[in-house]
Amino acid sequence: MIQKKGIGASPGVAIATALILDTEEFRIPRRTIDAAQTPHEIRVLEASLAASCEEVKALRVAATRKLGEKTAEIFAFHLAILTDKRLRNSVVDLIEKYRYPAAYAFGQEMNRRQREFRAVADVYLKERVRDLYDIEKRVLRHILGRAREDIRNLTQPVIIVAHDVTPSQAVTFDREHILGFAINVGGQTSHMSIIARMLGIPAVVGLNDITSDITGGETIVVDGTNGVVIADPDGGTLARFRQQQLAYKAHVAELAPLRDQPAVTLDGQTITLQANIELAEEARTAIDGGAEGIGLYRTEFLFLANERPPTEEQQYEVFRGAVRHAQGRPLTLRTIDLGADKMMRSMRAEGHDANPTLGLRSLRYCLQHLDMFKTHLRAMLRAAVDGDVRIMFPMITTVIELRQAMSIVSDVKEDLEEEGVPFGAHVPLGMMVETPAAALLMSSFARHVDFVSIGTNDLTQYTLAVDRGNERVAHLYASHSPAVLRLIREIIKGCKRFKTSVSLCGEMAGARIYTQLLLGLGLRQLSMAAPELLEVKQVIRSTRISDCEAIARKVLRFDADRQVLNYLREQLDMLDGSAE
Ligand code: PEP
Ligand code: MG
């Protein structure tokens, strides 16, 4: 039994077979083959070892030319392993004895060797673990090149174990069969975590090297509430987690009646609760789950699912679908927030930012790709004919950028008008506040837009200079940091001055520990992952605005994250205690 602690990214407990998803999307489940197939698998293994040898020899020649004999020596180790008869024989044994397919048997043997190398005192051998890993990947690429399985068409429930899951991988997942995630990297607001929360799938991230601790095929438990993963649980542990799983399900069921109750505080203040979505069809489940509208539709996910940017008609159809699914409720279409970790394939070919979160991302990218941006806006404006659509710009940093974006919307409207194409002429235009620059200049922005939405995920990252997706600094990432809270206060103040409506759609909105604080800071509209709506509504219905304001006043006097968190925990415990 292996137990690992990571960062709880999406609550609940999942128990299922582990499926290791390689960064290159190799899927190596444990399964058995017919005895008659074993000669074929052995041939595949031998051909893959031979092909890998040829590749390494070619690499050695190239490396010698470029880097000299000494550096090229590294490949001697690779060749020695690849041509080692004992390696071939051990894998063949596994294929014959257990009737494993070549890929799984080879992975098993290489994992065993990596564990052995790691355990020895010899520093040279310890350092060779990385080489073994490279060799494993190379050979697997050849084996699976012949028998690559499709992650999109799973037939059994699994828990995905991976180094990372990129947003473009996540959009292609077969959601029905994925019960949980256990991921090496990432933090609370990395996109993988957000996706898991949206889907209501338990997830633990920041597990460091879970992918090398387990082989795949074993039973694992993902406790997303407490950030724990257990592989090969013993009977007692399994029973305990099954119990915990039932308790969590019962808690979710208990909240269900709140769906039809209004989000009103004890002293009569109504709060608008909306949902964040990533795919058009999620609008329906969100509205059916109690959302009063869609406060953030991350439209870039439509782009991530494709090799190239979708055409105007393709986008129009999808946005129109979202309008339909929103069932007359407000639908906030955010213009594409591509870049950083959300890369379209065609973007990779365009160039590489050494520091992508500070690079050509989001609206900056759109302003440099005007044709694509205009196509995108045309589709949005056309879809607006059928519903209550709003358009929102992400990652605004300067007033000029905002003005440019708005004037492009005007140009697109003129074009549509001239062409006689119907469009929503009065679509409200809004902006996200995700950079300290925009927060500090809120008054200058607020007069230009119809609405503002605070993106605390990025705002926290940029204010604290902490990468939101890096588990090594995850302990420093805190949206409740006094610096971030002061910026939120300034944003709300700036919006109030111009009577511009303001909402918050970062992950803070869906974490019930922050609900009282956010209401106390003056927010009356929040947008979150749909599965979080009722948790937040429960807090709203148990509190008073006057108490929330007192909480916010007190919190704004603290100067350390820890103080803020401890105090908010105390307040929430008191609230939960009084509700019981
Ligand atoms: C945010 O940054 O808070 C936000 C909502 O946008 P995203 O998470 O998509 O970057
Ligand atoms: Mg953002």
Side-chain angles (χ1 to χ4, degrees), residues 9-10 165-168 170-171 186-199 205 273-279 282 286 291 293-304 332-344 356-366 390-397 401 430-439 451-470 474 477-481 484-485 487-488 491-492 502-511 514 518 523 525-530 532:
S10 179
V165 174
T166 63
S168 48
V171 288
Q188 274 277 349
T189 64
S190 50
H191 284 100
M192 171 58 234
S193 306
I194 294 176
I195 289 163
R197 279 198 289 280
M198 297 262 199
L199 300 174
V205 300
L273 295 184
Q274 298 188 321
N276 297 347
I277 61 166
E278 284 159 1
L279 298 175
E282 289 167 358
I294 305 303
L296 167 65
Y297 173 6
R298 293 180 165 101
T299 61
E300 61 274 9
F301 278 77
L302 167 62
F303 286 61
L304 293 172
T332 313
L333 300 175
R334 176 174 77 178
T335 61
I336 42 174
D337 186 20
L338 290 167
D341 62 337
K342 289 184 281 192
M343 298 288 283
M344 214 178 9
T357 41
L358 302 181
L360 188 63
R361 61 170 289 203
S362 202
L363 186 70
R364 298 172 185 174
Y365 183 84
C366 289
R390 295 113 201 259
I391 295 178
M392 176 163 79
F393 305 114
M395 269 292 292
I396 299 267
T397 318
E401 260 173 357
M431 66 180 275
M432 291 194 70
V433 181
E434 312 187 81
T435 62
F451 66 95
V452 160
S453 190
I454 309 175
T456 43
N457 305 339
D458 277 315
L459 186 61
T460 305
Q461 145 164 285
Y462 291 129
T463 305
L464 304 179
V466 176
D467 180 347
R468 63 193 262 192
N470 182 346
Y477 183 94
S479 292
H480 53 269
S481 147
V484 179
L485 296 181
L487 287 178
I488 295 177
I491 298 166
I492 297 169
V502 56
S503 159
L504 190 147
C505 65
E507 295 308 295
M508 258 188 128
Y514 298 129
L518 297 177
L523 285 161
Q525 192 170 325
L526 301 170
S527 190
M528 64 203 73
E532 298 168 332

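Read the numbers this way: they start at 1 and go in the same order the structure lists the ligands and their atoms. The structure presented is a predicted model; accordingly, all values stated were derived computationally and were not measured.
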To the nearest 0.5 Å, what is the distance between CZ (Phe301) and NE2 (His191)?
6.0 Å
Would you check if Leu485 and Met508 make a side-chain contact, meaning some heavy-atom pair closer than 4.5 Å?
yes
For Lys342, take its heavy atoms, then give the atoms of ligand 1 lying under 4.0 Å from any of them.
9 (O)
Thr435 side chain to Ile396 main-chain N or O, any donor-acceptor pair under 3.5 Å?
yes
Would you say the side chain of Val165 lies within less than 4.5 Å of the side chain of Ile195, judging by non-hydrogen atoms?
no
min-distance protein heavy atom vs atom 2 (O) of ligand 1 -> Glu434 OE1, 2.8 Å
At a 4.0 Å threshold, what atoms of ligand 1 neighbour a non-hydrogen atom of Leu296?
5 (C)
Taking only heavy atoms of Arg468, which atoms of ligand 1 are found under 4.0 Å from at least one of them?
2 (O), 7 (P), 8 (O), 10 (O)
Is there a donor-acceptor pair closer than 3.5 Å between any side-chain N or O of Glu300 and the backbone N or O of Asp337?
yes
Report yes if some heavy atom in the side chain of Ile194 is under 4.5 Å from a heavy atom in the side chain of Arg298; otherwise report no.
yes
Ile194 heavy atoms within 4.0 Å reach ligand 1 at atoms 8 (O)
Of the protein's non-hydrogen atoms, which lies at the shortest distance from atom 9 (O) of ligand 1, and what is that distance?
Arg298 NE, 2.7 Å
Need the ligand 1 atom indices (1-based, order shown) with element for anything under 4.0 Å from a heavy-atom of His191.
7 (P), 8 (O), 9 (O), 10 (O)
Could you see which bit of Thr189 sits under 4.0 Å from ligand 1, with heavy atoms only: side chain, backbone, both or neither?
neither
Contact (N/O only, under 3.5 Å) between Arg361 and ligand 1:
no
Could you count the protein N, O or S atoms found under 2.8 Å away from the Mg ion (ligand 2)?
2
Side chains of Thr189 and Tyr477: is there a donor and an acceptor less than 3.5 Å apart?
yes
Do we see a donor-acceptor contact under 3.5 Å between the side chains of Ser503 and Ser527?
no
Between Arg334 and ligand 1, which residue portion shows a heavy-atom distance shorter than 4.0 Å: side chain, backbone, both, or neither?
side chain
Ligand 1 contact on Thr456 by region, counting heavy-atom pairs under 4.0 Å:
backbone
Counting distance only, does the side-chain N/O of Thr332 pair as donor-acceptor with the main-chain N or O of Ile294 below 3.5 Å?
yes
Could you note down all residue pairs passing salt bridge (Lys or Arg N to Asp or Glu O under 4.0 Å) where residues 457-466 supplies at least one of them, sequence neighbours left out?
Arg361-Asp458, Asp458-Arg468
Compute the shortest N/O to N/O distance between Asp458 and ligand 1 and return yes if it is under 3.5 Å, no if not.
yes
Please examine the side chains of Leu273 and Leu526, heavy atoms only from C-beta on, and report whether any two atoms are closer than 4.5 Å.
yes
